[in-house]
Amino acid sequence: MSAKKLQSIRGIHDGLPVEVARWQRVEQAARKVFGGYAFAEVRMPILEPTELFVRSVGEDTDIVSKEMYAFTDQGGDNICLRPEGTAGAVRAWLQGGLTRAGAQRWYYIGPMFRRERPQKGRLRQFQQIGVEMFSAPGPVEDAEVLAMAHAFLCELGIPDLTMEINSLGCDACRPAYRERLVTYLQARAACLCETCVERIARNPMRVLDCKVASCQQELADAPEMVCHLCDECDTHFTTVQKGLDALQIPYRVNPRIVRGLDYYNRTAFEIVTDKLGAQGTVLAGGRYDGLVQELGGPATPAIGFAAGIERLAMLLEDTDAAVPDVAVVALGEAVHGYALAQADLLRKAGLSVVHCGGGSAKRQFKMADRECVRFVAVIGEDEMQAATVMLKNMASGEQQSVATAAVAALIAA
RNA sequence: GUGGACGUAGCUCAAUGGUAGAGCCCCGGCUUGUGAUGCCGGUGGUUGGGGGUUCGAGUCCCCUCGUCCACCCCA
């Protein structure tokens, strides 16, 4: 057995400081905006029983049938790394006894796992910011959740995003529509691509957003769900749009939006960009009125969405890296303790301080320079005797002797 | 899972099958407690890994790992 290089698992990447700084900008925007809608953070387990996703996401979906990291633990239990957040949130909501606690507005931030072939913007471990709203029956909630998603992305300042919405109908109207669609597709099966032919039986709605040009051409007049909604669904969808109009949120009805997960009904939406190649979906979600019941709870309407942190981070403008306020340069063994104490005092004054570690002045100044600090506090025996530091402005080269207590004020000026 | 491109120093990249190099970065020096520019010097590679062909492989062949791109699908 050859010595294999020790490295992270394929498609599972490290978050180094530069990258994490971008993630944090995404997270901060989420916390700020979601807070304004009175959503509260929850933290759910990363490991869940495999059965949870089989029953919620759907056994026939790609996520469950071939992308889950699932295994048997030492006790013989079937567990897996969560591939998405909604199922676990519903499970937690039920387990926490919150079914009669009134509306629950949740958000969470954390890693999800899908064993796919990695690509840019598609990792095996990736992070999502998810939102779930339980006991949310009406189109008003839909409009507000969509508005919140929109506000979140506006807060991040990402340009050229498009919100697309659709209605997937409900148990009352979807089966009839599905049948109509299958009939339509079967009549044209000969003209469709191979995968679409397979999809007719497995997931006919998927055929609608096939990327193959010839398929799209063939499907130009395919029946669309939005034209076959029952009265309740139609009213719901119309009211959602009125809400978005009232909030002046730009959107486009895209009758071809299909959600990959089984639990969605009625409102489905995606926010997409054309800057990320094949991974254009940056945020997506919808209503899932049947899921709670599916998992053994009382019939509870709910809606949510999830955004990919890495995908959003890639769309962010670069910003200047955070830089410490002061670097401490200590000259000589004798000032060892004094310099440490001065650094400590500066930090207690609220400054961000790096200690250059002693040694030659040149080495320490080079280090300070690389840190991009604006000021250096030079501390030698003279300064120690006088109970001061020599504060140097790195841009101008000027330096002056000051008491430590005065440093913070000088830097702020 | 399928198809394709790629993998050489920390980074960006060279090297008609014939001694592995450059730039940047890093470290040290250009006298004593002062950085960015300059000059001089230095560290650093089993060419992703393993097999094969050959007198000789970074280069050709096979396998494997990884990255990227597309499909599938999704955040």
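Note that this is a predicted model, so its numbers are computed, not measured.
- B:G38 and B:U43 have their C1' atoms separated by 22 Å, with the value rounded to a whole Å.
- Among B:G33, B:G35, B:A75, the nucleotide with an atom closest to any side-chain atom of A:L331 is B:G33.
- Side-chain atoms of A:V282 and A:L276, non-hydrogen and from C-beta on, do get closer than 4.5 Å to each other.
- Side-chain proximity of A:R117 to the nucleotides B:C69, B:U2, B:C73 is greatest for B:U2.
- Here the separation of B:G3 from B:G10, taken at their C1' atoms, is 34 Å to the nearest Å.
- Close to B:G28, at under 4.0 Å from its OP1 or OP2, lies no side-chain N or O of A:R363.
- You'll find that the side chain of A:D369 is closest to B:G35, out of B:A75, B:G35, B:G33.
- When the side-chain nitrogen and oxygen atoms of A:R259 are compared with OP1 and OP2 of B:C73, none of them lie within a distance under 4.0 Å.
- Contact between the side-chain N/O atoms of A:R10 and the OP1/OP2 oxygens of B:U67 is found at a separation under 4.0 Å.
- Using a 4.0 Å heavy-atom cutoff across all strands shown, A:G397 reaches at least one base atom of the nucleic acid.
- At the heavy-atom level, A:E383 lies under 4.0 Å from base atoms of the strands shown.
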Open item on the list: Let's go through A:V131 and A:M148 carefully: what are the C-alpha distance in whole Å and the side-chain angles of both, what is the deciding distance for side-chain contact (heavy atoms from CB on, under 4.5 Å) to 0.1 Å, and is it a yes or a no?
Closed with: CA-CA 10 Å; A:V131 160; A:M148 187 168 84; 3.6 Å; yes

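- Taking the centre of each ring, A:F39 and A:Y107 stay at or above the 6.0 Å mark.
- Among all heavy-atom pairs drawn from A:Y263 and A:S56, the shortest one is CD2-O, 3.3 Å.
- When distances are taken from the side chain of A:H13 to each of B:U67, B:U34, B:A70, the shortest belongs to B:U67.
- When distances are taken from the side chain of A:P118 to each of B:G28, B:U67, B:C26, the shortest belongs to B:U67.
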